[in-house]
Amino acid sequence: MKILIIGSGGREHALAMAYAKSHRVKKVLVAPGNDFMEESSKKIQTFPAIGVFDFEKISSLAKKEAIDIVDVAQDDPLAAGLVDKLASHGIPSFGPHKKAAEIEWNKAWSREFMKRHNLPIPQYETFSNETAAISFINKNDEKLYFIKASGLAAGKGVIRAETKEEARMAIKAMKRFGNSGKTFIIEEGMIGEEFSLFAICDGDSYQIIASAQDHKTAHTGDIGPNTGGMGCISPSGALSKQSLHIIKKTILDPFLKGMIEEERPYVGILYLGGMITKKKMFSTHTNIGIVEFNSRWGDPEAEVILPGIVNDYASLIEAVAMDDLENCTVEHDGKIRISIAGCAKGYPDDSSQAKGKRIFGLRDVAKMEGITLFGAGIKKKGDEYVVNGGRIFHLVAEGKTISQARERAMAAMAHIFVEGNNLQYRTDIGWRELERHT
Ligand code: GLY
């Protein structure tokens, strides 16, 4: 088989390695990919000149290389309708159609859908007018709100506001997201512990793959601005068997059924961003609420989940195309994994001073026991690697226990440097899980 992956980050690198592990897969092409991917396997080839919106070039490459599956891994080409485009050329792909992916790229529509189908969500209002939104805040009680841009914003479109003044500032900040922030949502903050859960879906059935817990704020201690994700652990100990049962009955089953009823059958990876809430949700009377749905793998969640899947990943994706998902079970190696995002100093605000700086230690660290490195904002210059983005790489450590995985991760991170002291990372990834186990 030959696979073409669309995207360029750590998630796509983890996917490329998952496919490359399959003895049935001869070649994994990634467009555009990043320069670190080809270090991992001779099967992987990147196409830096083909961007995620170059739909014609992607279609031509898929035809020329006789690709068996194009895996559209990134949110924005999904939102722009790449899966629909490939289908119009008769090219097989994996990922939701544009209308199904709307569950992520239009958060206002997404919340309305959830309300129509009685899914557990907080109270919210949608606005396209700053004055009306500010007046809503002024006349309501002061409480925790989340102000969310309706469109895609690279994981940074959600602002937490604890006071009326913070809420008014967050509303004004929606402009910074351009078209994505023209419509925005104000919703009551749910209090509790967040988790990410992933399911593979074929339209009318699904299999849960695994859970993880991301750490979204920039700095150690869960402080600072929101980022695309600074690190992750999998599985998340926040979810019991009972919670998984509740999630199936109150979220995943009605989600798939609702999407069929609204003629948007969902095929692809479904990412449930959820919360174990302190208060019961009013629609389901359970303690699990939906923060958001995404129409793809999470990043960095993919990096901690995909390496632990025992199934042949290509066969799992093929089962979706063959409508045979019901007969599959997803198996795991039972290890705990932790990832730490190695970022350019200043990320997520301004990390431009780090661009082009040399990175030291990657190749040695990649050889360490229990460590895997995935590239993201990274570029090859001669025989060296240099910084080319905010999140430079994701270091993943595996272990039998969370303590072992964390010790390995921290020891390995200590061997990586960026010229001019330009490396920044969190030192507390997995702290909740550690607390649960000590
Ligand atoms: N883990 C955050 C995201 O992928 O959106």
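All ligand and atom numbering here is 1-based and tracks the order in the structure.
Atom CD of Glu112 has more than 12 heavy atoms from other residues, nucleotides or ligands within 6.0 Å.
Listed by number with element, the atoms of ligand 1 under 4.0 angstrom from any heavy atom of Asp214 are 1 (N), 2 (C). Close approach of ligand 1 to Gly298 is summarised as follows: ligand atoms under 4.0 Å from at least one heavy atom of the residue are 4 (O). With ligand atoms numbered from 1 in the order given, ligand 1 contributes 1 (N), 2 (C) to contacts under 4.0 Å with heavy atoms of Gly228.
With a heavy-atom cut-off of 4.0 Å, Arg296 touches ligand 1 through its side chain alone. In Arg11, neither the side chain nor the backbone holds a heavy atom less than 4.0 Å from any atom of ligand 1. Under 4.0 Å from ligand 1, not a single heavy atom of Trp297 appears.
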Verdict with reasoning, Glu262 to Lys257, per salt bridge (Lys or Arg N to Asp or Glu O under 4.0 Å):
CA-CA 9 Å; Glu262 301 204 10; Lys257 189 164 165 283; over 6 Å; no
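In this structure, the side chains of Ile288 and Met281 stay at 4.5 Å or more apart for every pair of heavy atoms.
Every ring pair (Phe, Tyr, Trp, His ring centres under 6.0 Å) that Phe374 has, sequence neighbours left out, goes to His13. Residues satisfying the ring pair (Phe, Tyr, Trp, His ring centres under 6.0 Å) criterion with Tyr206, sequence neighbours excluded, are absent altogether.
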